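Atoms within each ligand, like the ligands themselves, are counted from 1 in listed order. All heavy atoms count here, side chains included; hydrogens, waters and symmetry mates do not. Just so it is clear, the structure is predicted and the values come from calculations on it, not from any experiment.
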Amino acid sequence: MGIGITAVGGYVPERVMPNAEFEALLETNDEWIVARTGIRERRIAAPEETASSMGVQAVRDLLKRSPKALEGVDLIVCATSTADATFPSTAALIGLQVGLPSSAAFDISAACAGFGHALGVAYGLLLSGVHQKALVMGSETMSRTLDWTDRSTAILFGDGAGAVVLERVPDPYGILGVTLGGDSSGGHSLYLMNDADVLPGLEHPGPKLTQNGREVFKFAVRIVPSATLEVLGKAGLGIENLDFLIPHQANVRILESACERLNFPMSKVALTLDKYGNTSAASIPLALKDSLEHLKDGDVVVLVGFGGGLAWSAVALRWKML
Ligand code: ACO
């Protein structure tokens, strides 16, 4: 038996914010944003929405397609940088509302690489037999972390949530390999401090996302190909065996450069950033949900994430239709 994804769900808030809305707020325009990022619009959470409430909606969406998917879940892992509270965890708050109040539940903080980390940790716990079935999530209210006067960050992010169920599946399907990596010396390139945080040597702009866009760009273009090849290598596979790439959705130019390095066609890459922007830890499960119609039984799929930390994650799977 392997361990694989057997159910997928996603949620984005109702409110659509097109690029044109930034023209009244900042010195920018739709043409620049589309040309430099590929983003056309993003979703913005309503004031009453939180990472946990959006996570609950993602689980409800998953249950529409797979009504029995939560039966036997004994572990909930939620990747988020925008938890409702330091504790209880967002995972626990979601579990309580979806009828899983007795599951082990905790959050993971690895920014935009968070979903792969959550998947990797849950995979390890299932593989070792410590847990039997996991609900793995990414949920983010990134819009609340933005400096809306900073045109180089405000235009990039959006809100949303995604959820998958991970459990035993017949061979040869399921997870083929996991790669989690970090370069903590690059933490100054991308950070989000809380009110009370002190990070030596770093300016504290309040609880706002701060980044060196060019540094992050260069890091991402290097790490997407290397993490993808590493995780395929762990499965004894190469780029010629890859059927579909589901990357973190940050900037289409990052993905074009990475695919050029990999010699992999963009036609086999999931792209949702035009409509959702960068939803951080939610972007990979949301992109997976939107890719379901393109995936066939036996396809080799890689989910690859990168972000603050600096951190990266890659998970290779042999797909089985849900
Ligand atoms: N509209 C118009 N002009 C802009 C905008 C904007 N929205 N943003 C920046 N510019 C300007 C800059 O001020 C600069 O002007 P200058 O030459 O007069 O100084 C010019 O455009 C070029 O700036 P660059 O930073 O070189 O622009 P670049 O092409 O690199 O695009 C961007 C900037 C979009 C931020 C890009 O660097 C990027 O996407 N980087 C990766 C960021 C990222 O993905 N972060 C999230 C990672 S995941 C996570 O963990 C959260």
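Distances from ligand 1 to the non-hydrogen atoms of F22 include no value under 4.0 Å.
D290 places no side-chain N or O within 3.5 Å of a backbone atom of A270 that could act as its donor or acceptor partner. For the pair T50 (side chain) and S53 (backbone), a donor-acceptor distance under 3.5 Å is present. Between the side chain of E23 and the backbone N or O of N19, no donor-acceptor pair lies under 3.5 Å. The main-chain N or O of G186 is found under 3.5 Å from a side-chain atom of S189 such that the two form a donor-acceptor pair.
The protein heavy-atom contact nearest to atom 34 (C) of ligand 1 is T37 CG2, 3.7 Å. Scanning the protein heavy atoms around atom 15 (O) of ligand 1, the nearest turns out to be R151 NH2, 3.9 Å. The protein heavy-atom contact nearest to atom 32 (C) of ligand 1 is N251 ND2, 4.7 Å. Distance from atom 35 (C) of ligand 1 to its nearest protein heavy atom, with residue and atom name: S152 O, 3.5 Å. Residue, atom and distance of the protein heavy atom nearest to atom 29 (O) of ligand 1 are R36 NH2, 2.6 Å. The nearest heavy-atom contact from the protein to atom 51 (C) of ligand 1 is C112 SG, 2.8 Å.
Numbered from 1 in the order shown, with element, the atoms of ligand 1 that lie under 4.0 Å from a heavy atom of F306 read 48 (S). Remark: ligand 1 atoms within the under-4.0 Å shell around heavy atoms of A250 are 44 (O). Ligand 1 places these atoms under 4.0 Å from at least one heavy atom of R253: 28 (P), 29 (O), 31 (O). Each of the atoms 50 (O) of ligand 1 lies under 4.0 Å from some heavy atom of A111. Near Q211, meaning under 4.0 Å from any of its heavy atoms, are these atoms of ligand 1: 35 (C), 42 (C), 43 (C), 45 (N), 46 (C). Ligand 1 places these atoms under 4.0 Å from at least one heavy atom of N278: 46 (C), 48 (S). Here is the list of ligand 1 atoms found below 4.0 Å of a heavy atom in H248: 48 (S). Near G213, meaning under 4.0 Å from any of its heavy atoms, are these atoms of ligand 1: 37 (O), 40 (N), 41 (C).
Between N278 and Q249 there is no side-chain heavy-atom pair separated by less than 4.5 Å. In this structure, V56 and Y11 have side chains that are not in contact, with every pair of non-hydrogen atoms separated by 4.5 Å or more. Taking 4.5 Å as the limit, some side-chain heavy atom of L292 sits within range of a side-chain heavy atom of W319. Contact of the K133 side chain with the L75 side chain is not registered, since no non-hydrogen atoms from C-beta on lie closer than 4.5 Å.
Between K68 and E71 there is no salt bridge, since none of the side-chain N atoms of the basic residue sits less than 4.0 Å from a carboxylate O of the acidic one. Checked for salt-bridge contact, K289 and D61 meet the test: a charged N lies under 4.0 Å from a carboxylate O.
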Stepwise side-chain contact (heavy atoms from CB on, under 4.5 Å) check, T6 with K320: CA-CA 8 Å; T6 57; K320 169 106 174 95; over 6 Å; no
Side chain to side chain donor-acceptor pair (under 3.5 Å) evaluation trace for S52 with D84: CA-CA 7 Å; S52 76; D84 296 27; 2.6 Å; yes
D243 vs V301, side-chain contact (heavy atoms from CB on, under 4.5 Å): CA-CA, chis, key distance, verdict: CA-CA 6 Å; D243 295 298; V301 179; 5.7 Å; no
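For L190, every heavy-atom contact with ligand 1 shorter than 4.0 Å involves the side chain, none the backbone. By the criterion of a heavy-atom distance under 4.0 Å, the side chain of F157, and not its backbone, is placed next to ligand 1.
In terms of polar-atom proximity, N29 is not counted as a contact of ligand 1, lacking any N or O under 3.5 Å from an N or O of the ligand. Considering both main-chain and side-chain atoms, I155 never comes within under 3.5 Å of ligand 1 through any nitrogen or oxygen pair. An N or O contact shorter than 3.5 Å is missing between S280 and ligand 1 by distance. Remark: ligand 1 and T28 share an N or O pair separated by less than 3.5 Å (distance only, no angle test). By the 3.5 Å distance cut-off applied to N or O atoms, R214 is counted among the residues near ligand 1. Taking any N or O of G307, backbone or side chain, none lies under 3.5 Å from an N or O belonging to ligand 1.
For N263, the CG atom is loosely surrounded, since the number of other residues' heavy atoms within 6.0 Å does not exceed 12. More than 12 heavy-atom neighbours from other residues, nucleotides or ligands sit within 6.0 angstrom of CD on E240.
Applying salt bridge (charged side-chain N to carboxylate O under 4.0 Å, His left out) to E21 and the options R42, R40, R15 leaves one that passes, R15.
In this structure, atom 6 (C) of ligand 1 has a protein heavy-atom contact shorter than 4.0 Å. Using a 4.0 Å threshold on non-hydrogen atoms, atom 17 (O) of ligand 1 does not count as touching the protein. Protein non-hydrogen atoms do reach within 4.0 Å of atom 41 (C) of ligand 1.
If you check each of F217, W32, W312 against atom 27 (O) of ligand 1, the one with the closest non-hydrogen atom is W32.
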